[in-house]
Amino acid sequence: KQWYQRRVHGDSHSAMDRGKFGSRLFGQSGRSPSMEFKELTKKDAQISLAMELDKLMMTMPEGQKQVVEQDFDGFKKLFGKFINSTGPSVHWDKIEKLPEDAIHPYANLPHTEDKESIRQMLDKLVVIKLNGGLGTSMGCSGPKSVIPVRNDLTFLDLTVQQ
């Protein structure tokens, strides 16, 4: 009877009754296993992100730690908002084409031997890696990365969580 009351009222503190993230055992919450998996995956992604950011923080010089920590906290909040949001992550009707002069040929980029100039340019560099094509042969109208794969998670969601 005590076990049943703890289960019903949720006041059990036994390690046997608790899961990895402090919730009830997997499958015992009344939600479907796929929903529980999705929630655990989200929590795992947030924990992994926090651990990696903590590792990066340890490499920062003392004078920069406070500013970087604020940036990391902001990033963690944005990541949490993204990972817990529902609906499409990209609204394709709001995406605008780049202006004609936005992409510069490599041959037209400034060349320099000055290491500080190179460092400043690299500080502005963003690399986006896309594997494969758009999937038009499969009838996709957008990138394959935003196709729902499992339980409303897209390839992009799964990649971000990894």
Side-chain angles (χ1 to χ4, degrees), residues 15 18-23 26 29 31 33-162:
R18 309 296 286 183
K20 180 177 180 184
F21 296 104
S23 62
F26 189 78
S29 68
R31 294 182 297 179
S34 62
M35 289 301 295
E36 285 191 23
F37 175 77
K38 189 174 179 180
E39 289 301 314
L40 288 174
T41 303
K42 289 178 182 181
K43 287 180 183 179
D44 185 54
Q46 289 177 301
I47 290 168
S48 295
L49 173 71
M51 288 172 39
E52 292 302 318
L53 292 177
D54 287 345
K55 287 180 194 175
L56 282 173
M57 183 61 69
M58 290 190 291
T59 67
M60 296 304 304
E62 283 300 321
Q64 296 178 359
K65 281 190 177 184
Q66 186 175 4
V67 172
V68 172
E69 187 172 19
Q70 289 173 348
D71 290 344
F72 283 0
D73 287 344
F75 183 77
K76 284 189 264 190
K77 286 178 187 174
L78 287 173
F79 182 73
K81 186 176 178 181
F82 167 75
I83 206 165
N84 290 307
S85 66
T86 57
S89 58
V90 176
H91 297 280
W92 293 105
D93 55 338
K94 294 183 179 180
I95 304 295
E96 297 179 13
K97 289 187 175 188
L98 288 172
E100 289 291 325
D101 62 343
I103 299 176
H104 304 281
Y106 178 77
N108 295 351
L109 294 176
H111 297 282
T112 182
E113 298 296 321
D114 178 45
K115 290 187 180 195
E116 186 56 34
S117 295
I118 293 170
R119 187 181 323 276
Q120 288 175 359
M121 286 188 272
L122 288 174
D123 284 344
K124 297 176 185 178
L125 177 68
V126 175
V127 176
I128 300 173
K129 182 177 179 182
L130 301 174
N131 296 327
L134 290 175
T136 53
S137 63
M138 301 183 332
C140 297
S141 59
K144 291 183 291 190
S145 60
V146 294
I147 296 171
V149 180
R150 185 185 312 157
N151 302 323
D152 298 322
L153 290 174
T154 66
F155 284 113
L156 183 60
D157 295 328
L158 294 172
T159 301
V160 167
Q161 291 176 10
Q162 290 174 2

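Predicted, not measured: the structure shown is a model, and the values here were computed from it.
The shortest distance between side-chain heavy atoms of D71 and Q64 does not fall below 4.5 Å. Proximity of M121 to T112: side-chain heavy atoms (C-beta onward) are separated by under 4.5 Å at one or more points.
Rounding to the nearest 0.5 Å gives a distance of 8.0 Å between NZ of K115 and CD1 of I118. For the atom pair NZ (K124) and CG (L122), the distance works out to 11.0 Å, reported to the nearest 0.5 Å. Atom CZ of residue F82 and atom CD of residue Q46 lie 11.5 Å apart, to the nearest 0.5 angstrom. Once rounded to the nearest 0.5 Å, the distance linking CE of M57 with NZ of K65 reads 7.5 Å. Taking CD from E69 and CG from D54, the interatomic distance works out to 8.5 Å, rounded to the nearest 0.5 Å.
Smallest separation of non-hydrogen atoms from I83 and K42: O-CE, 3.2 Å. When all heavy atoms of L53 and F72 are compared, the pair lying nearest together is O-CE2, 3.4 Å.
Relative ring orientation between F79 and F75 is described as parallel, the plane-to-plane angle staying below 30° on a 0-90° scale split at 30° and 60°.
Atom CD of Q66 has 12 or fewer heavy atoms from other residues, nucleotides or ligands within 6.0 Å.
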